[in-house]
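Letters A, B, ... mirror the listed sequences (proteins, then strands); counts begin at 1.
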Amino acid sequence: MKTKAFPYPAVKYDDAALEKLARRLRCDTLCMIHQASSGHPGGSLSSVEILSTLYYQYLRHDPANPERTDRDRFVLSKGHACPILYAILAEQGYFPEEELCHLRRVGGLLQGHPSLHIPGIDASTGSLGQGLSLANGVALAAKLDGSDLHTWCLLGDGELQEGQVWEAAMTSAHYKLDNVTAIVDRNGLQIDGKTEKVMALEPLAEKWLSFGFHVIECDGHSFSDLRRAYDEALATKGKPSCIIANTHKGHGVSFMTDQAGWHGKSPSVEQLQAAVTEICGDKKIESSCMKTVLGEVKGGGR
Amino acid sequence: MALNSTVKEMRLLSLTDAANRENWQACKVTYGAALLKLATERPEVVALDADLANSTQSSRIRDAKDESISRRFFDVGISEQDLVGTGAGLALAGKIPYVNSFGVFLSGRAWGQIRVSVCYPNLPVRFGGSYGGITVGPDGPTHFAISDIAILRSLPNMTLVSATDGAQVPKIIEATVDYPGPVYIRMGRVPLPVVTTAETPFETGRAYVYRKGGGELVLYTTGHSVYDTLEAAEILATEDGIDPWVVNVNTIKPLDVDTIATVAKQVKRGCVVEEHNIYGGLGGAVAEALAGSHPLPLGFIGIEDEFCESGEPMELLREYKLDAPGIVERVRGYLSK
């Protein structure tokens with residue numbers, strides 16, 4: 001039986017389109033977090049290229065049919081980065097963009113961390129370390145069913161200090177889950193400071209290698225390098241892949257870049273305006289979330 | 001839910017038959033067989049274990065001759081957190097996973113995973129929680145599950161069923177396979193007296209009157225304590241003229257408040273008997289249910305907030321006064337206050 005085509009990935013999202021989208025998604029993310037008065041900008045901004053490359057160019061999915069069983073799956077193990085994921089899902093039509101303005105609010109759809117009841121969200125996460133096990137479970141089910149769906153899981157680097165990640169890594173390799181790709185957002189920072197100072201992770205590539213993964217390192221802010229890594233992961237058979245995506249926390253906003261202090265802090269009005277100005281540069285970037293939040297800011301609404 | 005009108009319709013074994021060691025059964029034996037039967041009938045059923053497949057008897061799936069069944073078994077090694085997460089992932093992809101380990105490890109080592117990966121998204125993961133209580137025996141306090149009810153029933157969406165005896169396990173498996181959301185089945189380890197028969201009713205969410213009594217006392221109980229409580233009730237009736245009611249709270253969550261309250265209204269006092277810490281277990285659940293609308297003075301008969309010690313299962317029930325004579329002694333103590 002021929003499977004029905006998925007609207008994503010779509011060829012129209014070339015690098016120029018993605019580059020523009022990434023600016024908009026960064027702005028949406030910061031507007032949401034400002035509006036919510038809380039949230040995690042640093043780790044959201046470090047994941048923008050990783051997730052936009054995945055959601056527009058790789059993941060087979062269908063916003064009109066979020067429950068399609070033959071869709072690829074994505075588990076955001078670093079659940080606190082959900083603002084960027086919500087921004088993508090809204091842009092792709094999983095739920096009204098209006099919801100972005102109610103992030104973390106009573107009565108709103110979008111919880112502070114991903115919840116399965118949100119259209120487009122494939123797993124509830126947020127307590128760190130749990131995502132790769134979930135991805136493995138989906139992948140095992142896919143193998144049982146003879147499905148070719150691929151399961152992607154994005155982990156934070158600090159998150160790798162959770163023991164369950166390595167339990168899960170053993171399971172991925174033991175069951176030869178070549179339909180699982182773990183992506184590590186290697187931004188080098190966690191709440192208390194540099195990962196290497198808080199609890200050293202290096203040699204990280206060697207760790208994943210010794211756990212039985214095919215390991216690929218890439219520039220996590222380069223669409224072309226991410227594509228090289230994703231292609232290599234999909235082409236690897238007989239073992240799971242781990243992509244170590246080297247990134248910068250807070251990437252795209254100079255005063256947030258590589259600052260652990262921006263892990264979980266909401267930007268002020270002035271900071272939001274400065275960040276949006278910097279992200280947009282001379283480009284005209286628009287979204288309904290930006291319109292609402294920045295409109296309120298200008299009008300002194302908040 | 002209405003009270004079962006007669007005890008006869010419970011179709012229980014006589015206490016004489018129940019006491020006959022030839023009739024005793026271990027939950028894990030009937031569990032393994034029931035799981036295999038279910039996996040044979042339902043292709044979406046899968047089983048997972050964390051290196052205890054022989055003890056939990058999930059090995060029945062692993063060792064099935066039919067490869068279409070044995071391929072649905074996954075051992076994740078000694079890693080309970082990954083065990084629960086992997087099970088949750090299988091549920092996300094449409095499977096009905098049976099996740100097996102000792103109760104103390106499932107509830108204690110993977111509580112955070114049960115909470116966020118399973119209960120929050122309300123996934124149909126079934127937990128085979130073997131080795132409940134202290135009748136685990138010689139392995140001792142590190143392996144006793146005496147806080148599992150307390151910490152599991154505090155999780156939203158969780159359904160918590162307590163197997164009365166080995167004979168009831170297949171009934172529970174059948175009744176809960178399609179029950180919405182996560183289900184934890186608490187079972188004992190060793191062969192113990194069997195009270196129920198194939199005709200004894202089991203419905204998820206119901207408590208049953210296993211003994212009708214007079215106006216003095218009700219004994220609420222669950223799991224393997226049902227047998228000892230029924231024995232204790234007979235002794236109290238014969239020697240003390242008290243004639244207690246015995247209610248088997250077969251499902252601890254959702255709690256059958258109607259049955260619990262209806263019986264409470266008929267008596268002056270109650271006791272809760274369980275192989276669990278007196279804090280937070282069935283005792284707490286019954287007290288919470290009654291306090292608001294049908295307050296009843298309650299005594300709590302369980303593990304007195306201690307870790308206990310190694311020993312043979314029957315020795316331990318005697319030592320911690322959870323066998324029939326021990327329950328009688330503690331009920332008398334409570335009533336004399």
Side-chain angles (χ1 to χ4, degrees), chain A residues 67-77 79 111-118 121-147 149-151 153 162-177 179-180 211, chain B residues 39 42-51 61 67-99 101 105 109-126 155-157 181-182:
Chain A
E67 304 295 325
R68 263 183 77 168
T69 53
D70 58 344
R71 73 192 191 279
D72 289 336
R73 307 298 164 91
F74 173 69
V75 178
L76 184 64
S77 197
Q111 302 303 300
H113 291 82
S115 170
L116 189 61
H117 80 274
I118 300 168
I121 294 293
D122 288 333
S124 298
T125 52
S127 178
L128 292 175
Q130 301 193 17
L132 188 55
S133 299
L134 297 170
N136 286 341
V138 173
L140 285 169
K143 294 256 180 198
L144 282 179
D145 294 342
S147 161
L149 71 81
H150 198 86
T151 306
C153 178
E162 289 280 6
Q164 188 188 352
V165 172
W166 302 101
E167 295 181 359
M170 281 193 275
T171 299
S172 312
H174 181 82
Y175 286 100
K176 302 183 172 57
L177 297 177
N179 52 351
V180 168
F211 271 73
Chain B
R42 301 282 296 265
E44 70 272 42
V45 166
V46 299
L48 298 92
D49 213 300
D51 198 39
I61 308 294
E67 200 264 338
S68 73
I69 294 171
S70 62
R71 69 196 289 263
R72 284 184 266 143
F73 173 83
F74 304 103
D75 203 321
V76 297
I78 309 165
S79 57
E80 290 77 17
Q81 301 187 5
D82 186 46
L83 171 78
V84 171
T86 308
L90 281 151
L92 283 169
K95 303 297 176 192
I96 304 178
Y98 282 75
V99 171
S101 186
F105 301 144
R109 299 199 68 133
W111 187 83
Q113 285 68 27
I114 295 177
R115 176 175 172 270
V116 176
S117 288
V118 178
C119 287
Y120 179 39
N122 202 19
L123 295 175
V125 176
R126 281 76 183 93
L155 290 172
N157 291 337

Does any part of the side chain of B/T86, heavy atoms only, come nearer than 4.5 Å to the side chain of A/E167, both counted from C-beta?
no
Looking only at atom types and distance, does a side-chain atom of A/Q130 sit under 3.5 Å from a main-chain N or O of B/G112, one as donor and one as acceptor?
yes
Winner by heavy-atom pair count (cut-off under 4.5 Å) against chain A, out of B/A88, B/S117, B/G94, B/P97:
B/S117
If you round to the nearest 0.5 Å, how far is CG of B/L92 from CZ of A/R73?
7.5 Å
Quick one: which of B/E44, B/R115, B/E80, B/R71 has the most heavy-atom pairs under 4.5 Å with chain A, could you say?
B/R71
For B/Q113 and A/Q164, the nearest pair of non-hydrogen atoms, with its separation, is NE2-OE1, 2.8 Å
Select one option (side chain, backbone, both, neither) describing which atoms of B/L123 are under 4.5 Å from chain A's heavy atoms.
side chain
What pair of heavy atoms forms the shortest contact from B/G85 to A/L134, and how long is it?
O-CD2, 3.4 Å
Chain A heavy atoms under 4.5 Å from B/V84: which part of the residue, side chain, backbone, both or neither?
neither
Flag the pair B/R72 / A/L144 as yes when at least one side-chain heavy-atom distance between them is below 4.5 Å, and no otherwise.
yes
By a 4.5 Å heavy-atom criterion (distance strictly below it), what part of A/E67 contacts chain B: side chain, backbone, both, or neither?
neither
Do you know the tightest heavy-atom contact between A/Y175 and B/D75?
OH-O, 2.7 Å
Relative to chain B, which segment of A/S115 carries a heavy atom at a distance below 4.5 Å: side chain, backbone, both, or neither?
both
Quick check for you: among A/G131, A/G163, A/S124, which has the greatest number of heavy-atom pairs under 4.5 Å with chain B?
A/S124
Taking A/L116, A/L149, A/D122 one by one, which has the highest count of heavy-atom pairs under 4.5 Å against chain B?
A/L116
Spatial distance of atom NE2 (A/H117) from atom CG (B/N122) [nearest 0.5 Å]:
12.0 Å
Work out which heavy atom in B/Y120 is nearest to a heavy atom in A/P114; give both atom names and the distance.
CE2-O, 4.1 Å
Considering all heavy atoms of both residues, which atom of B/K95 and which atom of A/D145 are nearest to each other, and what is their separation?
NZ-OD1, 2.5 Å
